[in-house]
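Since this is a predicted model, take the numbers as computed values, not measurements. Lettering of chains follows the sequences in order, A, B, ..., and the numbering in each one begins at 1.
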Amino acid sequence: MRTAHNLIVENDDVTATLVSPTKLSRPEVMAEICHHLAPFQTGEKPIVGATVIAKDLAIDSLAIMDMVMELEDRFDISIPMNVVAEIHTVAELADTILKLAARR
Amino acid sequence: MGLFDRHAGLLDAYRDVRTTGSDPFQIRMERVLSPTEAIINGKKTLLVGTNNYFGLTFDPSCMEAAIEAIRAEGTGTTGSRIANGSYSEHVALEKEIAEFYGKKHCMVFTTGYQANLGVISSLVGPDDFLLIDADSHASIYDACKQTQAEVVRFKHNDPSSLDARLRRIGDKPGNRLVVLEGIYSMLGDSAPLKEFIEVCKKYGAYVLVDEAHSMGALGEHGRGLSEAAGVLDDCHFIVGTFSKTLGAIGGYVVSDDPDFDILRVTTRAYMFTASLPPSIVASVRQALRVVKAKPELRKQLWDNVATLYDGLAAQGFKLGPEHGPVVGVHLPDRMTAIGFWRAMLDAGIYVNVAVPPATPNGVSLLRCSLCAVHTSEQLEHMVEVMTGIGRQMGVLPPPKLRAVSGR
């Protein structure tokens, strides 16, 4: 899936075109987060960027950490626990994932 | 917003629990009769939830040692180990535990909780990495809050999950400390320690193993999972407790690290609390001698584990994944678990009830812990009682009807 990152190509332009399709997009990250949060949805209210994870959803702190662990493996990043503690909304979680994935 | 408003959700859940008529979190032992029996609600009750794995709380030699120590040195030390609270006996106890493990150093703490809290939070600091199993004990989680190291959880008992997280750290500087438990306290399952150690070696990570529930129970000499798995030398730190197999209270950590003693002046949970009273130190020293002298207690414990685990499994109960001194019985939800727990108490059997958020994956459990001195009759009776309650509550299918002639 992410093998393009490992390709070493002499020509810079070619490298750029190879890497860009595998770069994470925000909608992709949002979709993945929503997928993992769907089981905890309450009522008809959709999960959006402004959704406050611990408040608007029926999810406890342990389940949040378990969900984060799934996302970590999906995007091959680690989100330290102290960073998780600072995340409140779905949008903030997406930002954190994009930031950590870009640093990889 | 009031001070207690943040706990509103928990309060609701707790109210639910209490409406069943008996509060599992405020149970009173009116009188403890032996390691396996107590008077609860005016009734003689079988104890199968006290972590008293070898039944040493009433061992006459341990009791006598404690009484003698009180007569000789009084009821308490009234001071911390770095002030007036270090007696010759504390030092002797540390030496004996170090010898028990074949390690060079040992530090004794006033509780097992403090041992994990203090040691783990002192070992790693800014720019270090602390990796913990997702099902870690609260004392390990609390240690995470007291360190500035980056804390990352890996999937329970999954060496490949640890591998991925160590790999992602890459070549960043800083120490890596991996924290594992010999036997996990809720489901009684043990860590695949050998595989974990291989991963740790691959990335040069330090290993700390908490043997709270496995000391005494596992290994040829009862040193725990690290001994049973043959990796004692690869474990940089081993933490344990005096409050389970050794029948008292307190905690310890052993290590071969030459600079180990610096922990005595860096570990706040060691420095800023009173040391263990002489009676506890004396009974623990004697209990350690009993553990060494009576390996048959370990065999009795595992025989009892087999009686309960296999008995319940044969009736169709869903249990933890393997035989262990802790047997976790899965129940479908919180209220069923509490109702089941209460029905058992009414029938004269005490176990622990464990419900979210204290359990992994939101499961509701009856947590049974075995004792070497349970009799097989007591445990067979327990299986019968639980089977009856299980059928009444619809947790187990109705009994298979045998073909009955003449009807």
Side-chain angles (χ1 to χ4, degrees), chain A residues 1-3 5-6 8 22-24 29 32-33 36-43 51-88 92-93 95-104, chain B residues 6-10 12-13 121 124-138 140-156 158 160-172 174 176 179 186 203 334 354-363:
Chain A
M1 222 161 53
R2 279 174 290 275
T3 48
H5 281 293
N6 302 328
I8 297 161
T22 66
K23 220 174 173 182
L24 275 180
V29 172
E32 194 70 23
I33 295 172
H36 280 97
L37 286 177
F40 306 101
Q41 204 171 344
T42 49
T51 300
V52 179
I53 299 169
K55 216 171 118 196
D56 298 338
L57 303 172
I59 187 167
D60 63 33
S61 56
L62 202 59
I64 290 176
M65 291 198 291
D66 288 343
M67 179 223 30
V68 164
M69 212 153 51
E70 295 298 328
L71 291 170
E72 286 179 328
D73 288 334
R74 167 66 182 79
F75 296 116
D76 200 26
I77 54 167
S78 289
I79 312 177
M81 270 170 62
N82 44 328
V83 174
V84 175
E86 298 295 313
I87 295 171
H88 301 290
E92 286 166 4
L93 179 56
D95 290 341
T96 304
I97 291 172
L98 286 163
K99 199 173 80 191
L100 289 168
R103 252 190 242 160
R104 202 172 52 217
Chain B
R6 76 172 76 236
H7 303 299
L10 201 58
D12 283 345
S121 62
V124 284
D127 302 321
D128 291 332
F129 298 89
L130 175 59
L131 297 105
I132 67 164
D133 186 285
D135 286 6
S136 289
H137 187 259
I140 297 169
Y141 274 103
D142 289 356
C144 296
K145 291 186 187 164
Q146 290 202 2
T147 171
Q148 288 180 274
E150 238 177 56
V151 184
V152 176
R153 288 166 93 224
F154 54 87
K155 286 186 183 166
H156 174 55
D158 184 346
S160 68
S161 178
L162 172 65
D163 189 300
R165 280 151 182 79
L166 283 167
R167 171 180 54 76
R168 288 173 200 151
I169 298 171
D171 54 8
K172 282 185 205 156
R176 285 93 165 121
V179 177
M186 285 295 145
Y203 293 98
R334 184 201 304 263
V355 291
T359 50
N361 305 316
V363 296

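- In this structure, the portion of B:R168 lying under 4.5 Å from any heavy atom of chain A is its side chain and not its backbone.
- Note that CE of A:M81 and CD1 of B:I132 are 5.0 Å apart. Values are rounded to the nearest 0.5 Å.
- Proximity to chain B at a heavy-atom threshold of 4.5 Å picks out A:L62, A:M65, A:D66 from residues 59-68 of chain A, in numerical order.
- Top candidate by heavy-atom pairs under 4.5 Å with chain A, chosen from B:K145, B:K155, B:R167, is B:K155.
- Atoms CG and OG, from B:L166 and A:S78 in turn, are 9.0 Å apart once rounded to the nearest 0.5 Å.
- Of the atoms belonging to B:T359, it is backbone heavy atoms, and not side-chain ones, that fall under 4.5 Å from chain A.
- The side-chain heavy atoms of B:R165 and A:M69, taken from C-beta on, include a pair separated by under 4.5 Å.
- Contacts of B:F154 with chain A are made by backbone atoms alone, with heavy-atom separations under 4.5 Å and no side-chain atom involved.
- Heavy-atom neighbours of A:N82 CG from other residues, nucleotides or ligands within 6.0 Å: above the threshold of 12.
- The environment of CD in B:Q148 is sparse: at most 12 heavy-atom neighbours from other residues, nucleotides or ligands sit within 6.0 Å.
- Classification of B:R153 and A:E72 as a salt-bridged pair fails, no side-chain N sitting under 4.0 Å from a carboxylate O.
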